[in-house]
Colleague: 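There's a structure below that I have some questions on.
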Amino acid sequence: MRNLSLVAALLAGSAMTTPVLADGHLQIVDGDPLELTIQMNHRAYPIYEEDWPVEQKARELTNVHLVDVTVGANMRTDSENTGRTEALNLMLASGEVPDIVGSSRIRDFVNQYGPEGAFIPLNDLIEEHAPNIKAYYDQRPDIAAAVKAADGQMYYIPYLPDGKYGRAYWVRTDWLNNLGLEVPQTVEEFEAVLRAFKTQDPNGNGEADEIPFFARQWPELIRLVTLWDGRAHGSDTYHDFLVEDGKVSHGYFGEGYREGIKNLARWYAEGLIDPEVFTRGSSARDFLFSENLGGATHDWFASTGGYNSLSSEIEGFELKAMAPPASISGKRVEEHRRILVKPDGWAIGHTNEHPVETIKYFDFWFTEEGRRLANFGVEGMHYDMVDGKPIFKQEFLDAGPVNRSLYQNGAQLQGRGYFQDYNYEIQWTNEFALEGIALYDEGDYLIPDFLGVAFDPEEQKIYDKYWGSVRDYMLERQQAWILGSGDVEAEWDDYLAQLDSLGLQEVLGVMQSAYERQYGG
Ligand code: CA
């Protein structure tokens with residue numbers, strides 16, 4: 001068919017207007033373009049634009065044209081894990097669901113309103129019309145299970161991150177050298193290093209002004225309980241549940257957690273942890289490194305490695321990733337990783353009259369060409385093919401933060417279901433981050449993530465009724481214990497009893513039933 005249409009175009013003398021690449025094998029409809037309406041909201045770049053070069057190229061390749069009807073375009077999604085967004089609620093309140101709805105944190109929304117009829121179930125459509133999406137799920141049945149609603153149907157095509165590594169332990173290696181210390185290999189050695197940073201003036205200004213450990217997101221401090229065999233966050237969502245031996249559990253009532261909090265409280269009292277760790281906020285890393293005050297942190301590979309550029313201002317500045325120190329029982333654990341599947345992506349509205357063409361359009365983004373377009377932008381404009389691989393143009397890399405540039409051209413969108421290609425990121429990851437990633441790869445420190453569950457309406461009610469107050473109480477005691485207003489060991493039994501009286505067991509019960517339904521128990 002593709003040859004016929006190309007020949008037809010040539011015979012008609014319109015070849016000059018037909019781009020060479022558009023040989024038609026990705027065309028979803030013949031003749032006039034199929035227009036589909038879209039609502040799209042997401043966190044990083046919350047306005048959908050039909051003029052994006054990526055969108056224009058997708059139109060050319062597929063002959064499907066998305067038409068923006070987004071309401072609440074400037075509303076950012078909420079930061080909590082509720083899965084609701086103001087914009088999606090506004091859309092629903094307007095009484096019209098567009099042909100396609102794409103959003104960050106769309107999962108809980110479509111898993112609630114899909115079974116009620118607002119979105120089209122996708123299982124059969126994928127099976128029959130989306131060979132590339134189906135091939136992905138055939139390889140990853142765990143991810144296929146994770147995106148299903150309580151009725152067993154999929155209601156959205158997710159954004160699937162690529163690459164394993166997220167955050168790592170970082171330490172000022174020039175400070176270690178200044179003090180004649182080695183990279184710490186155990187929790188005891190890590191503590192000794194932090195104490196030396198506090199007491200031996202590694203920045204050499206004659207003042208005890210160093211902040212040995214800090215975190216720009218305070219839950220990264222809680223993650224240190226893994227050094228005492230505790231658990232903090234079961235996924236890349238802070239305070240999330242976790243799974244152990246087929247049982248849904250939570251880090252914040254384990255014995256390792258109690259031991260960890262006890263020791264972190266001691267570290268805090270001894271000045272080994274930033275006294276402002278709970279309040280300093282997102283500028284902590286920028287401030288404490290550029291002021292030559294921060295000694296160690298737990299943060300993202302690429303962006304943290306980038307602070308080594310400070311060596312032009314701070315003599316000798318060197319910041320390197322170190323392997324997770326061995327815990328009290330000798331385990332080296334990196335609790336954070338990139339999650340395998342995001343709650344972000346896109347869905348088909350119930351009034352869509354072209355569900356087959358729409359799922360084919362979704363499938364286009366999982367083809368080789370579509371995936372490259374979603375990840376790298378447009379060939380010749382943002383990247384060139386070199387030895388069969390897309391390589392970003394230097395002027396594109398030089399034009400500011402690469403992720404931002406990609407969003408602004410319609411690539412790497414959270415509100416689009418697509419499979420990320422980590423090669424897009426490696427091209428602009430600094431040498432310190434690459435060295436750290438190699439170190440973590442060698443050690444195999446990652447542990448499995450909890451991929452989440454979808455509740456049925458009864459489970460949802462119980463979860464909504466109890467979880468908020470259980471969680472608030474956990475976080476309130478956690479902070480109080482670290483700050484020294486309270487004693488975790490003395491209060492532990494009361495704490496566990498209070499969690500139960502607030503409904504912890506009920507919440508774990510519905511998590512477990514949903515988990516067994518979703519993942520086969
Ligand atoms: Ca000092």
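Remember, it's 1-based here, ligands and their atoms both numbered in the order they're listed.
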Colleague: Where the Ca ion (ligand 1) is the corner point, what angle links OE1 of Glu210 with O of Glu207, to 10°?
Modeller: 80°
Colleague: Give a rough value, rounded to 10 degrees, for the angle at the Ca ion (ligand 1) between atoms OD1 of Asp209 and OD1 of Asn203.
Modeller: 100°
Colleague: List for me each residue that meets side chain to side chain donor-acceptor pair (under 3.5 Å) alongside Asn292, sequence neighbours excluded, and say none if there are none.
Modeller: Arg172
Colleague: How is the N/O/S atom of Asp201 that comes nearest to the Ca ion (ligand 1) named?
Modeller: OD1
Colleague: Report all side-chain donor-acceptor pairs from residues 241-255 shorter than 3.5 Å, counting only partners two or more places apart or in another chain.
Modeller:
residue, atom, partner, partner atom, Å
His250, ND1, Tyr252, N, 3.1
His250, NE2, His239, O, 2.8
Tyr252, OH, His239, ND1, 2.8

Colleague: If you measure from the Lys or Arg side-chain nitrogens to the Asp or Glu carboxylate oxygens, is any gap between Glu491 and Arg258 under 4.0 Å?
Modeller: no
Colleague: Could you go through the side-chain contact (heavy atoms from CB on, under 4.5 Å) check for Leu413 and Tyr159 one step at a time?
Modeller: CA-CA 8 Å; Leu413 302 181; Tyr159 155 37; over 6 Å; no
